[in-house]
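To find a chain, count down the sequence lines: A is the first, B the second, and so on, and within it residues start at 1. For the numbers below, each heavy atom of this structure counts, side chains included, while hydrogens, waters and symmetry mates do not.
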Number of protein chains: 2
Amino acid sequence: MAKYPKIPEATIRRLSNYLKALLDLESKQEKVASSALIATICNVNAAQVRKDFAYFGEFGIRGMGYNVKELKFHIKEILGINRIWRIAVVGIGNLGSSLLMYKDFLKQNYKIVAAFDIDPVKVIGHISEQMGKPVEILHIDNLKEVVKARNIEIGIITTPPQEAQKVANLLVDANVKGILNFSPSPVRVAEHVKLRNVFFTAALDHLVYYMSN
Amino acid sequence: MAKYPKIPEATIRRLSNYLKALLDLESKQEKVASSALIATICNVNAAQVRKDFAYFGEFGIRGMGYNVKELKFHIKEILGINRIWRIAVVGIGNLGSSLLMYKDFLKQNYKIVAAFDIDPVKVIGHISEQMGKPVEILHIDNLKEVVKARNIEIGIITTPPQEAQKVANLLVDANVKGILNFSPSPVRVAEHVKLRNVFFTAALDHLVYYMSN
DNA sequence: TATTGTGAAGCCTTTCACAGCA
DNA sequence: TGCTGTGAAAGGCTTCACAATA
């Protein structure tokens with residue numbers, strides 16, 4: 001815990017972007033990347049890129065740049081995704097089921113190991129019609145025991161807004177350590193649980209503001 | 001254009017959150033909200049909330065707080081979502097089809113008026129099995145003409161990563177004014193088109209960092 | 001030579017604290 | 001009285017510019 005000195009929150013956000021850029025460069029067989037290249041891809045200043053890395057160590061080679069694979073490794077380590085995180089998704093509607101199928105999670109060490117709904121039977125119909133079931137859909141009444149049995153640390157909420165807070169409470173009660181709320185209604189939880197309310201429309205709002213102004 | 005003085009980017013991000021908080025308060029029949037209440041819901045400082053609004057005008061009543069409906073109206077106006085924005089979604093896989101069904105978009109004046117895929121026939125099967133088709137799925141070859149015919153200003157990319165840049169180019173060529181890229185591969189476009197690369201895993205990365213440190 | 005790592009400057013953002021006002 | 005609106009102070013982040021070095 002508190003492995004690093006105080007890091008700007010903005011730096012953490014950018015690290016996640018740098019990682020995406022590196023994965024992309026890697027898929028294009030690039031071995032080395034300069035701070036200038038990374039900066040261009042991520043729309044930031046090159047000095048910013050170097051400074052962000054410098055909080056955590058010296059990862060580059062002067063005159064050369066950064067080794068893509070190595071840097072990727074370091075960033076994953078910094079973010080804490082150098083190990084698998086076990087996740088439960090609650091609310092298997094459209095968004096929930098698309099998360100269950102989302103390939104990119106596993107690539108980044110996020111593993112969905114349980115899925116819950118109020119009406120698993122109805123839901124199983126949809127999913128298996130669509131593409132075979134990736135994980136069994138369980139009734140939400142079993143949440144607490146399954147979270148414990150499967151060592152789940154993160155809960156993702158994809159229910160309708162009216163249910164979001166209730167589900168958040170259930171997840172806290174089941175001792176998850178972090179919650180990602182994708183429902184459009186912000187939830188609140190006790191201090192010791194990390195929380196992110198993620199609004200789908202936020203990116204559109206942002207885009208539209210800059211399109212209008 | 002440039003209706004307002006220079007506004008911090010962070011303010012714009014928060015406005016979008018405030019709006020969500022207000023919609024939530026409204027759905028709970030709250031008529032008035034203080035900066036302190038909004039601050040609590042959105043996890044920011046109350047002075048910050050007031051200052052954010054103050055960039056755009058005086059929306060509150062001293063001693064009282066803010067009228068929820070009125071403030072909601074003002075924020076929508078500031079963000080530019082006081083009118084309908086017509087959107088095309090390209091790539092109707094799991095994520096794409098869940099966006100097509102997403103109720104919250106319409107609530108915030110975002111209207112998906114076209115959907116494109118490389119294989120519309122296959123896709124139509126899925127969607128209509130699932131819940132009737134909300135918009136017709138068209139072949140991507142028709143993108144340019146349909147964007148024009150339907151006055152589409154925004155394109156959302158939900159293709160696999162390998163196709164993302166190609167689709168971005170198509171959208172730019174079709175004269176959309178803004179692009180939201182939900183694919184995990186960052187794309188680049190000409191300056192005059194507004195762009196946001198939105199990574200699904202970013203929120204998880206962020207959450208996990210704070211769970212680990 | 002090319003590019004990193006970094007002190008220092010400058011800028012921007014947040015927070016404080018209180019005047020202003022319903 | 002209670003809460004907004006805001007100038008000023010504090011704090012934090014970004015950018016510059018260049019020394020360090022592969």
Side-chain angles (χ1 to χ4, degrees), chain A residues 2 4-18 21-22 25 30-75 78 206 209-210 213, chain B residues 2 4-18 21-22 25 30-75 78 206 209-210 213:
Chain A
Y4 303 111
K6 186 161 155 340
I7 310 295
E9 167 133 9
T11 293
I12 302 308
R13 258 205 309 276
R14 284 190 298 265
L15 283 176
S16 183
N17 286 346
Y18 300 152
L22 290 168
L25 287 168
E30 302 291 339
K31 302 294 182 223
V32 174
S34 68
S35 59
L37 173 62
I38 298 173
T40 303
I41 299 175
C42 299
N43 288 306
V44 294
N45 177 294
Q48 178 87 78
V49 174
R50 297 197 296 277
K51 191 135 266 189
D52 283 338
F53 297 155
Y55 285 113
F56 305 97
E58 303 198 357
F59 304 144
I61 300 164
R62 290 168 197 234
M64 280 281 274
Y66 300 87
N67 179 304
V68 171
K69 274 200 164 42
E70 236 172 65
L71 186 55
K72 187 189 76 169
F73 175 84
H74 285 302
I75 296 181
I78 292 163
H206 199 265
Y209 176 81
Y210 288 105
N213 288 282
Chain B
Y4 304 112
K6 183 156 159 342
I7 310 295
E9 167 136 8
T11 293
I12 303 306
R13 257 205 310 277
R14 284 190 298 266
L15 282 177
S16 182
N17 286 347
Y18 300 153
L22 290 169
L25 287 168
E30 303 289 340
K31 302 294 181 223
V32 174
S34 67
S35 59
L37 173 61
I38 298 172
T40 303
I41 298 174
C42 299
N43 288 307
V44 294
N45 178 292
Q48 177 86 266
V49 173
R50 297 197 296 275
K51 190 136 267 187
D52 283 338
F53 297 154
Y55 285 112
F56 306 96
E58 304 199 358
F59 304 145
I61 301 163
R62 291 168 196 232
M64 281 281 273
Y66 300 86
N67 178 304
V68 170
K69 276 199 162 46
E70 236 172 65
L71 186 55
K72 188 189 75 169
F73 175 85
H74 285 302
I75 296 181
I78 293 165
H206 199 264
Y209 176 81
Y210 289 104
N213 288 281

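For B:Gln48, whose side chain is taken as the heavy atoms from C-beta onward, the closest listed nucleotide among D:dT6, C:dT15, C:dT4 is C:dT15. Taking the side chain of B:Tyr66 as heavy atoms from C-beta on, and the options D:dG5, C:dG7, D:dC16, the nearest nucleotide is D:dG5. Checked against C:dC18, D:dC18, D:dA8, the side chain of B:Arg50 finds its nearest nucleotide in C:dC18. Listed nucleotides: D:dA22, C:dT15, C:dA8. Nearest to the side chain of B:Ala47: C:dT15. With C:dT4, D:dC3, D:dT14 as the choices, the nucleotide that has an atom nearest any side-chain atom of B:Arg62 turns out to be D:dC3. Out of D:dC13, D:dG5, C:dT6, the shortest distance to the side chain of A:Glu58 is found at C:dT6.
An OP1 or OP2 oxygen of C:dT3 is reached within less than 4.0 angstrom by no side-chain nitrogen or oxygen of A:Ser35. Of the side-chain N and O atoms in B:Tyr55, none sit less than 4.0 angstrom from OP1 or OP2 of C:dC12.
Under the 30°/60° scheme for interplanar angles, the aromatic rings of A:Phe53 and A:Phe59 are found to be tilted.
In this entry the distance linking CG of B:Leu15 with P of C:dT13 reads 13 Å, nearest Å. Per the geometry, CG belonging to A:Asn45 stands 6 Å off P belonging to D:dC16, to the nearest Å. Taking atom CD1 of B:Ile12 as the reference point, atom C1' of C:dC12 lies 15 Å away to the nearest angstrom. A:Lys51 has its NZ atom 11 Å from the P atom of C:dA8, to the nearest Å. One interatomic measurement links the two molecules: CZ of A:Phe59 to P of D:dT21, which rounds to 18 Å at whole-angstrom precision. Going from atom OH of A:Tyr18 over to atom P of C:dT4 covers 12 Å, rounded to whole Å. D:dT4 atom C1' lies 17 Å from atom CZ of B:Phe56, rounded to whole Å. One can place CD1 of B:Ile7 at 13 Å from C1' of C:dC12, the figure rounded to the nearest angstrom.
Counting only heavy atoms from C-beta outward, the side chains of A:Tyr66 and A:Arg50 approach each other to under 4.5 Å. Counting heavy atoms from C-beta outward, B:Phe73 and B:Asn67 have side chains that stay 4.5 Å or more apart. For the pair B:Tyr210 and A:Ile12, the minimum side-chain heavy-atom distance is below 4.5 Å. Put simply, the side chain of A:Leu25 reaches to within 4.5 Å of the side chain of A:Ile41, judged on heavy atoms. Contact of the B:Phe56 side chain with the B:Ile7 side chain is registered, since non-hydrogen atoms from C-beta on lie closer than 4.5 Å. Annotation: side chain of B:Ile38 is in contact with side chain of B:Leu71 (closest heavy-atom distance under 4.5 Å).
Comparing A:Ile61 and A:Ala10 along DNA chain D, the residue whose closest nucleotide (by nearest heavy atom) sits nearer the 5' end is A:Ala10.
Nucleic acid contact for A:Phe53: none, since no nucleic acid atom lies under 4.0 Å from a heavy atom of the residue.
Note that the two end axes of the helix from C:dT1-D:dA22 to C:dA22-D:dT1 enclose an angle of 20°, each drawn from 5 base pairs, rounded to 10 degrees.
Nearest heavy-atom pair, A:Thr11 versus A:Tyr55, reported as atom, atom and distance to 0.1 Å: OG1-CE1, 3.7 Å.
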